[in-house]
There are 2 protein chains.
Amino acid sequence: MASSETTTERIDLLREARRQWEKHWGEEPAPSMAAVTTLMRAQQIVMSHLNLLLAPFDLTFARYEALMLLYFTREGSLPLGKIGERLQVHPTSVTSLIDRLERDGYVERTPHPSDRRTTLATLTVAGRNVAGQATQVLNADRFGMDALSTESHEELILLLDRIRETGGDEVAGDLRPD
Amino acid sequence: MASSETTTERIDLLREARRQWEKHWGEEPAPSMAAVTTLMRAQQIVMSHLNLLLAPFDLTFARYEALMLLYFTREGSLPLGKIGERLQVHPTSVTSLIDRLERDGYVERTPHPSDRRTTLATLTVAGRNVAGQATQVLNADRFGMDALSTESHEELILLLDRIRETGGDEVAGDLRPD
DNA sequence: GTCAGATAGTAGGGCATCCGAGTATTTCTG
DNA sequence: CAGAAATACTCGGATGCCCTACTATCTGAC
């Protein structure tokens, strides 16, 4: 109970950072800074958790998302460019994502029937199976979000949507395959 | 106002994904899935924004965080291992982070006075200057979190802290330099 | 005191992401 | 219809992150 400077108690590093911020720059910017660092860290924790759940399927969350995009398509195929649009990642990221999914036999590159510039990523049978199985696991685990009640999920979504809006997180265009 | 299937209206891809989830797997897992994808996307948006703000200083958010850790230290130096603990990143990530900060002249590797295994990362004058300037910019920008009021920042932190707790996001140990 | 085990940092390799550049193809313009 | 511009994808290089070694050093047990 002494003023223990040599303490070995549990310390929350983000709270400590916020304390420093308030000390140096006052109360004003501290909440923003704290919100950002907390967002980063929470994302990192959830991502790690999901990647652990997906590892048995030779998937990462990024690859899982790409797989599900195809899964929801009538034909199980999409042009690589569309995948990038939907996932909001750079075209070159899609190339490497599909490279790995193809390597593991979950998708195949097939030519577009009418546009020879375009390559379609097409779900294989194995890909469809693994997408279904992985989804069972993630759903059963509530995507690692069990710490929050359903109402809290909605609260969180509402708050984060405000951030997404400022990032212009909407996309022009329909949702058809090509 | 017709049922426009050929629509070119603004579409929120995450909302669309949630709709698909509910259609395929019911109401139960959908909020968790939606919360996770929203978390990922919001993090990505904020991170991009911060990296844009920091680009003029030849910094990324990761490097900025490392710099600030040193900035808050009495001597402006920390063992690489401590940096990894505080930032919660792998030791090898610290090596590469410090490599780049050193390349840009913001830190120097200096030997630990008593433990020859240990390398200290020490803030240079340039590093201290850039840390201060970058912080001015980020503070003025409210870390890109202007979409949310201060009260909402606190709400968001509370929600995300619950996620961090399940990730065991506390660290044993004091906060002294070595 | 010596030697095993812990600790600190780095090298090499993999994944995900971005950017710029380059090729192929399609579309548009005059 | 020919050439310019737009579009689709890939390659090479960078950053950031992880993991598995591997080396150097320190600490502690006997």
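Quick note on labels: first sequence line is chain A, next is B, and so on, each numbered from 1. Values below: all heavy atoms of this structure, side chains included; hydrogens, waters and symmetry mates excluded.
One can place CG of Leu97(A) at 15 Å from C1' of dC9(D), the figure rounded to the nearest angstrom. As a whole-Å value, the separation of Leu50(A) CG from dA16(C) P is 14 Å. Phe61(B) places its CZ atom 19 Å from the P atom of dT15(D), with the value rounded to the nearest Å. We find that CG of Asp115(B) is positioned 5 Å from P of dC26(D), with the value rounded to whole Å. When the P atom of dC17(D) is taken as reference, atom CD of Gln43(B) falls 11 Å away, rounded to whole Å. We find that CZ of Arg86(A) is positioned 13 Å from P of dA8(D), with the value rounded to whole Å. Atoms NZ (Lys82(A)) and P (dC9(D)) sit 10 Å apart, rounded to a whole Å. Rounded to an integer number of Å, the gap from CD1 of Ile83(B) to P of dG16(D) is 14 Å.
When heavy atoms are screened at a 4.0 angstrom cut-off, Ser96(A) is found touching base atoms of the nucleic acid. Within the nucleic acid shown, Thr60(B) comes within 4.0 Å of sugar-phosphate atoms alone, with no base atom in reach, counting heavy atoms only. When heavy atoms are screened at a 4.0 angstrom cut-off, Ser93(A) is found touching base atoms of the nucleic acid. As judged by a 4.0 angstrom heavy-atom cut-off over every strand, Thr95(A) is placed among the base-contacting residues. Heavy atoms of Asn51(B) sit nowhere under 4.0 angstrom from any nucleic acid atom.
The local environment of CD in Glu108(B) is sparse, with at most 12 non-hydrogen atoms from other residues, nucleotides or ligands closer than 6.0 Å.
Along DNA chain C, the nucleotide closest to Gly81(B) and the one closest to Pro91(A) are compared, and the more 5′ of them pairs with Gly81(B). Map Thr119(A) and Gln44(A) each onto its nearest nucleotide of DNA chain D; the residue landing nearer the 5' end is Thr119(A).
Neither OP1 nor OP2 of dT27(C) sits under 4.0 Å from any side-chain N or O of Arg116(A). Residue Thr92(B) places no side-chain N or O under 4.0 Å from the OP1 or OP2 atom of dC18(D). Distances shorter than 4.0 Å separate some side-chain N or O of Arg103(A) from OP1 or OP2 on dC15(C). OP1 or OP2 of dC19(C) lies within a sub-4.0 Å distance of a side-chain N or O belonging to His90(A).
For dT7(D), its base sits under 3.5 Å from the side chain of Arg117(A) at one donor and acceptor pair at least.
Using a 30° and 60° split on the angle between ring planes, Tyr71(B) and His24(A) fall in the tilted class, from 30° to 60°.
Under the 4.5 Å side-chain contact rule for hydrophobic residues, Leu101(A) and Leu69(A) share a cluster. A continuous path of Ile, Leu, Val, Met, Phe, Trp and Tyr side chains, each step under 4.5 Å between heavy atoms, connects Val137(A) with Leu67(A), placing both in one hydrophobic cluster.
In this structure, Arg41(B) does not pair ionically with Asp161(A), as no charged nitrogen and carboxylate oxygen lie closer than 4.0 Å.
Which of dT10(C), dT26(C), dC9(D) sits closest to the side chain of Pro79(A) comes down to dC9(D).
Of the residues listed (Ile45(B), Asn51(B), Val46(B), Leu53(B)), the one engaging His49(B) in a side chain to side chain contact (heavy atoms under 4.5 Å, CB included) is Leu53(B), and it is the only one.
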